[in-house]
Every structure is written in C-alpha cells, then in structure tokens.
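Working notes for the structure below.
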Amino acid sequence: MVSVSVGVSKRPGYTTSVNFYQVGSHLGLVDLPGYGFNAPASLKHVVEPYLSLQRAKSKLLCLLIDSLTGFDDTDLEVVDILNLLRLPYALVLTKCDLSDQTSTLKNVLKCVDVISRSTTEGRAERFPFMVSSITGDGIDLLKVFIYASTVSNFDAFETDLN
C-alpha cells in the first residue's frame with residue numbers, strides 16, 4: 001500500500017506554499033494555499049491561472065468543504081472556476097465526525113444542489129464524499145476513488161497499491 005505523509009494542523013491556514021506529493025509512480029497531488037481561512041480577497045486571481053496552466057494534466061480535483069461551516073462564497077467561487085475550466089472534480093465534506101446530523105444533512109443537500117447545477121457546464125462527480133481524518137471514516141473509499149479516477153493503467157494501479 002502506498003503511504004504519503006502530509007503535515008496537518010488544528011490551526012486554519014496551515015498551508016502557506018504550494019506542496020507537491022508523489023504517490024507511487026503514477027499519481028501526483030498538489031495542495032494549494034490561499035484557500036479557506038487565509039484566502040486572498042480574490043481567490044480567482046490566485047487559483048484560476050494555476051488551474052488553467054495545469055488543465056491538460058489534471059485528472060481530478062477534490063474541493064474540501066468543512067462540514068462544520070459548510071459552503072461559503074469562496075467555495076462557490078472555486079466551483080465556478082472548475083466549471084468554467086471544465087475540470088473534473090469531487091466535493092469532499094471533511095470533519096464529518098464533528099458535525100451533528102442536521103448540519104451534515106444540510107451540507108450534503110447543498111453539495112447535491114451545487115453538483116446538480118454544475119453538471120450541465122462542469123464535470124462534477126454526482127455525490128459528495130464524507131470523510132473524517134480523526135476516525136478514518138470515508139478515507140479509504142476516497143483514496144480508491146482518487147486513484148481509480150486518475151490512473152488509466154489498472155495494472156500499474158494494482159502494483160502501486162501492493
């Protein structure tokens with residue numbers, strides 16, 4: 001099984017530089033800063049140029065939505081950018097172990113609404129993923145989905161997983 005070590009923090013805005021991760025021989029991940037807590041006034045001027053340049057290489061983007069706070073204007077702005085660029089993406093609700101059932105349902109329904117409005121112009125996955133980094137819930141499914149979505153050679157996929 002492929003293992004990647006990534007720095008995390010309880011402090012919002014932890015990512016302050018572009019971080020590149022190589023997972024196995026066929027998958028690279030990029031963690032972009034300036035989104036969420038430390039987002040600049042106009043995220044569009046920061047993220048859109050990077051995504052435009054990487055468009056041909058991008059197989060899947062995962063937009064992480066904090067299930068405690070739900071969607072905000074910045075999240076919706078990123079969804080608009082992804083749709084405009086016609087990039088494939090999945091919505092991922094994080095911290096699902098900390099969110100009460102009512103908030104979780106509200107956020108899932110908002111994700112489904114955003115996805116349903118996005119699929120005519122964008123390439124969103126049909127349903128959001130729900131994960132917890134504390135309990136590990138949903139993480140394995142998300143890992144397999146990401147890997148299967150990004151690797152066209154499934155023999156290499158099996159080799160990297162073993």
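Computed from heavy atoms alone, side chains included, the values below leave out hydrogens, waters and symmetry copies.
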[X] vs [Y] side-chain heavy atoms within contact, under 4.5 Å:
X	Y	value
Leu63	Ile65	yes
Leu76	Asp72	no
Cys62	Leu60	yes
Cys111	Phe127	no
Ser67	Thr94	no
Val131	Val92	yes

For the residue pair [X] and [Y], what are the closest heavy atoms and their distance?
X	Y	value
Tyr89	Leu87	CD2-O, 3.3 Å
Asp100	Ser103	OD1-N, 2.8 Å
Val108	Met130	CG2-SD, 3.7 Å
Ala90	Glu125	CB-CG, 3.9 Å
Phe129	Leu141	CE2-CG, 4.0 Å

Salt bridge (charged side-chain N to carboxylate O under 4.0 Å, His left out) with Lys95: which residues, sequence neighbours excluded?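 For Lys95, the residues satisfying salt bridge (charged side-chain N to carboxylate O under 4.0 Å, His left out) (neighbours in sequence not counted) are Asp66.
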
Do Thr104 and Asn107 have side-chain N/O donor and acceptor atoms under 3.5 Å apart? no

Given Ile139, Leu98, Asp97, the one that forms side-chain contact (heavy atoms from CB on, under 4.5 Å) with Ser132: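 Exactly one pass, corresponding to Asp97.
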
Tell me whether Ser99 contacts the main-chain N or O of Cys96 through its side chain, where contact means a donor paired with an acceptor under 3.5 Å.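 The answer is no, because no donor-acceptor pair under 3.5 Å joins these two groups.
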
As an exercise, state the distance from CG of Leu85 to CG of Asp80, rounded to the nearest 0.5 Å. 11.0 Å

